[in-house]
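We name chains A, B, ... by the order of the sequence lines, and we start the count at 1 in each one. Worth knowing before you read on, the calculation uses all heavy atoms, side chains too, and leaves out hydrogens, waters and symmetry mates. Note that this is a predicted model, so its numbers are computed, not measured.
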Number of protein chains: 2
Amino acid sequence: MANRTVRPTLTDVAARAGVSKSLVSLVMRGEQGVSPATRQRVREAADALGYQPDSRARLLRSGRSRLLGVVFGIEHAFHVDLVTALYTAARDSGYELALSAVTPERDETEATASLLQDRCEALIMLGPRTPAPALARLATRLPVVVLARDVRGADVIRTADADGLRQAVDHLAGLGHRRIAHIDGGRAPGAADRRRGYREAMHAHGLGRHVHIIAGGLTEDEGATAARTLLHQSRPPTAITVFNDRCATGVLDVLVRAGTRVPEQVSVVGFDDSHLARLAHISLTTIAQDVPTMTRLAVARAIERIDGLAVAHRASVVTPHLVIRSTTGPVAD
Amino acid sequence: MANRTVRPTLTDVAARAGVSKSLVSLVMRGEQGVSPATRQRVREAADALGYQPDSRARLLRSGRSRLLGVVFGIEHAFHVDLVTALYTAARDSGYELALSAVTPERDETEATASLLQDRCEALIMLGPRTPAPALARLATRLPVVVLARDVRGADVIRTADADGLRQAVDHLAGLGHRRIAHIDGGRAPGAADRRRGYREAMHAHGLGRHVHIIAGGLTEDEGATAARTLLHQSRPPTAITVFNDRCATGVLDVLVRAGTRVPEQVSVVGFDDSHLARLAHISLTTIAQDVPTMTRLAVARAIERIDGLAVAHRASVVTPHLVIRSTTGPVAD
DNA sequence: ACCGTACTCTGGAACGTTCCAGGACCCACC
DNA sequence: GGTGGGTCCTGGAACGTTCCAGAGTACGGT
């Protein structure tokens, strides 16, 4: 075997159809000004040869790649949700996505560099950890849209994190809870705002003296650890707001294993409304980030800037909303 | 703003350094046959202009992309593990990865098509659902390596699924279990083999009459549903082997919520050893697929075929191994 | 002084597209 | 029967690289 045929080119198709390559190019791009008959003939020739346009040559010539680079953490449930939505948002705008994953062995710098070589027209970065100055420098080279993190020097699309936690606390307070704790996300993007939102909401409800923040993180394990700490306290909280869904599943798991009934004894609220939260057996009450809106905005902003329309860097803040599922209920006593 | 400068090209660098573009090309590629002095001068000129080679043009001309396309299901925990490992395997061999995700709204055909346009030199497909004939047709156009599924007409790297389940059953039988059930993966790649392995191993241990297969799937929800069915039975099994880790976490969750103690009352064994299984609070006993070996093999096979070395399509079967964690223990009574 | 060889370097032709200017043809109109 | 304006199609020049053949220089050996 190994007789992998050389890929057919425009010229091959043109020869077979008996027309010029320019004409084939027109047909392949679906431009108008081609008679139905020839269009048909060219299409057939292309199909017969199994012709596929070479995007590299195409992009090289046209100077445009219609490619949006996406840097994301492949192990973050919420990033996965965002990528999924970005795919459709990009397609709707006539752009393609070039994914570049951040893994434990492939850092953000490497992920970004590979996209730069691919001549993406803009970069969409999901919750990047790159320091602000470096991001700003990057943004001078090509449009950069930062999703799910607040940072100066680039365009930002993010959720009103503080407001989200206010909604969570409102909900719990409305159910009669007073000892409401918060398991935070440490230095993760958005964590500071969520912490602040929690604190402010607690004060607004006159629960200032019950403010209780436990160090958590963004993984299941960190949630589990935090939950164990809580369980060992003399007066454990009756409700917990957690940095994100992933961390919350860790919390839930520890609670359930300890025989704590959720929500009868303890209510739990997550954040993100990632696909984890929606799993039937988890059914987590959570603060839903508006993924469709955020991704649409991100793509729109990127394109705006590609087209040279945007002037100053802007931050768009999208309002999240509470999704009540099965992990919250009225306070016990 | 919006004065995004036009990217400098070889010609620009050449002009600034007062040499030909061929020479600059040599320097940029690190070829030898350039005097240290000029090399230095060219480097400086390139840095001063912030020159970055255009991979599109580079690849167009050289005819090679050094790009391996990867089609994967972004929501599958195990695929995520594979992609992570593929990144390093590819890098070690001097190749880059082009990711194309399958999402609920973006099917395999679409994901594959986009990679074809990028002129990847080979395709690595993770547990593809594409019918065998279509895969075979694809394989005539470019090298295709199928990972984690058995199929004719393409190169295959897969785990000895049946053997994995034998190990699981051996382990459980060794712990004294007799009523060992299997929650299967339906039509998922590998499911049939695992089912068979389970059945054969049960017979080998003289437990033929205890063979008990429940319909499951590859998601948490499907695992949860299956577990509920099991719980409602008059004589529930004392041990369960599950199609994969993801499904097993759903099973675990239902068991724990029902107050069933794991492993005291029921032992559970997963499959994959994905990152889910390793989470401290889950700590799932599982059959580990040998991800480093599989990904290295996949990349090696792809390259072999790119270089025109491989002749017939081959299937490499990688042996999995049992990882004992906290969800299995001696039988209760 | 001449040749050969090794080392640097250069010019120009690809690669597979898109883009632009324009050619060929047809039809209608005065 | 020329002119005008469509519509459909073509040729060739880009795009930014790499690759190839060969030009120019310097140096050692005879």
Side-chain angles (χ1 to χ4, degrees), chain A residues 4-43 45-46 49-67 94 96 116-121, chain B residues 5-43 45-46 49-67 94 96 114 116-121 141-142:
Chain A
R4 215 171 325 115
T5 42
V6 165
R7 267 172 82 147
T9 74
L10 270 189
T11 319
D12 300 325
V13 180
R16 183 175 237 263
V19 296
S20 72
K21 45 193 183 86
S22 311
L23 205 248
V24 180
S25 174
L26 292 177
V27 172
M28 294 322 290
R29 278 176 293 150
E31 299 283 298
Q32 42 184 249
V34 179
S35 74
T38 23
R39 188 180 292 271
Q40 167 79 358
R41 201 149 43 88
V42 170
R43 281 258 156 74
L49 294 175
Y51 170 76
Q52 277 251 340
D54 182 334
S55 62
R56 282 198 310 270
R58 172 174 277 186
L59 305 178
L60 173 59
R61 169 58 231 200
S62 64
R64 309 218 29 187
S65 68
R66 300 204 80 81
L67 218 52
E96 286 260 348
L116 283 182
Q117 292 222 337
D118 287 347
R119 290 254 160 148
C120 294
E121 300 190 30
Chain B
T5 43
V6 164
R7 266 172 84 149
T9 75
L10 270 189
T11 318
D12 300 326
V13 179
R16 183 176 238 261
V19 295
S20 73
K21 48 196 182 84
S22 313
L23 205 251
V24 179
S25 175
L26 292 177
V27 173
M28 293 324 288
R29 278 176 294 149
E31 298 283 296
Q32 39 184 250
V34 179
S35 73
T38 22
R39 188 181 292 272
Q40 167 77 359
R41 200 149 43 90
V42 170
R43 282 256 158 74
L49 293 175
Y51 171 76
Q52 275 247 340
D54 181 333
S55 64
R56 308 279 154 182
R58 169 175 280 186
L59 304 176
L60 172 60
R61 169 60 231 202
S62 66
R64 309 219 28 188
S65 68
R66 301 204 81 80
L67 218 52
E96 287 258 349
S114 98
L116 284 181
Q117 294 220 339
D118 288 346
R119 292 262 155 142
C120 296
E121 299 189 29
R141 298 185 41 173
L142 84 176

* Structure fact -> Per-nt protein contacts along nucleotides 5-13 of chain D (heavy atom under 4.0 Å; B base, S backbone sugar-phosphate only, - none) come out as ---SSBBBB

* Asked: Do you know which two heavy atoms are closest between A:Gly33 and A:Arg39, and how far apart they sit?
  -> N-NH2, 4.4 Å

* **Nearest-angstrom distance from the residue atom CE of A:Met28 to C1' of C:dT17** => 12 Å

* To do: State the CG-CZ distance between A:Asp54 and A:Arg61, to the nearest 0.5 angstrom.
  => 15.0 Å

* To do: Kindly say if A:Ser25 contacts the phosphate of C:dT17, meaning a side-chain N or O under 4.0 Å from OP1 or OP2.
  => no

* Structure fact -> Between CZ of A:Arg66 and P of C:dT17 the distance, given in whole Å, is 19 Å

* Asked: Just how far, in rounded Å, is P of C:dC15 from CG of A:Leu59?
  -> 19 Å

* Asked: Should A:Arg56 be listed as having a side-chain N or O under 4.0 Å from OP1 or OP2 of C:dG16?
  -> no

* Structure fact -> Tightest non-hydrogen contact, residues B:Leu60 and A:Ala57, listed as CD1-CB, 3.8 Å

* Nearest heavy-atom pair of B:Thr9 and B:Tyr51: which atoms, and what distance? -> C-CE1, 3.6 Å

* Between A:Glu121 and A:Arg66, is there a donor-acceptor pair closer than 3.5 Å when you use the side chain of the first and the backbone of the second? -> yes

* Structure fact -> Each base of DNA chain C marked ( ) or [ ] if paired in-strand (Watson-Crick or G-U under 3.5 Å), | if paired to another strand and . if unpaired gives ||||||||||||||||||||||||||||||

* **Residue B:Thr9, side-chain heavy atoms: nucleotide from D:dT18, C:dT18, D:dG16 that is nearest** => D:dG16

* Length of the CG-P vector between A:Asp54 and C:dC15, whole Å -> 12 Å

* Asked: With a 4.5 Å heavy-atom cut-off, do A:Gln52 and B:Arg141 have their side chains touching?
  -> yes

Can you give each donor-acceptor pair under 3.5 Å made by side-chain atoms of residues 17-28 of chain B, sequence neighbours left out, with the distance rounded to 0.1 Å?
unit_1	atom_1	unit_2	atom_2	d
B:Ser20	OG	B:Leu23	N	3.3
B:Ser25	OG	B:Arg29	NE	3.2
B:Ser25	OG	B:Arg29	NH2	2.9

* To do: Output, in order, the C-alpha distance, side-chain angles, deciding distance and verdict of side chain to side chain contact (heavy atoms under 4.5 Å, CB included) for B:Glu96 and B:Ser55.
  => CA-CA 12 Å; B:Glu96 287 258 349; B:Ser55 64; over 6 Å; no

* To do: Return the value, rounded to whole Å, for the distance between atom CD of A:Glu31 and atom C1' of C:dC20.
  => 13 Å

* Using atom CD of A:Gln52 as one end and atom C1' of C:dG16 as the other, report the distance to the nearest whole Å. => 14 Å

* More 5' along DNA chain D: B:Leu60 or B:Arg29, using each one's nearest nucleotide? -> B:Leu60

* Asked: How about A:Pro8 and A:Arg16: do any of their side-chain heavy atoms sit closer than 4.5 Å?
  -> no

* **Atom-to-atom span, CG of B:Leu49 to P of D:dG16 - whole angstrom** => 14 Å

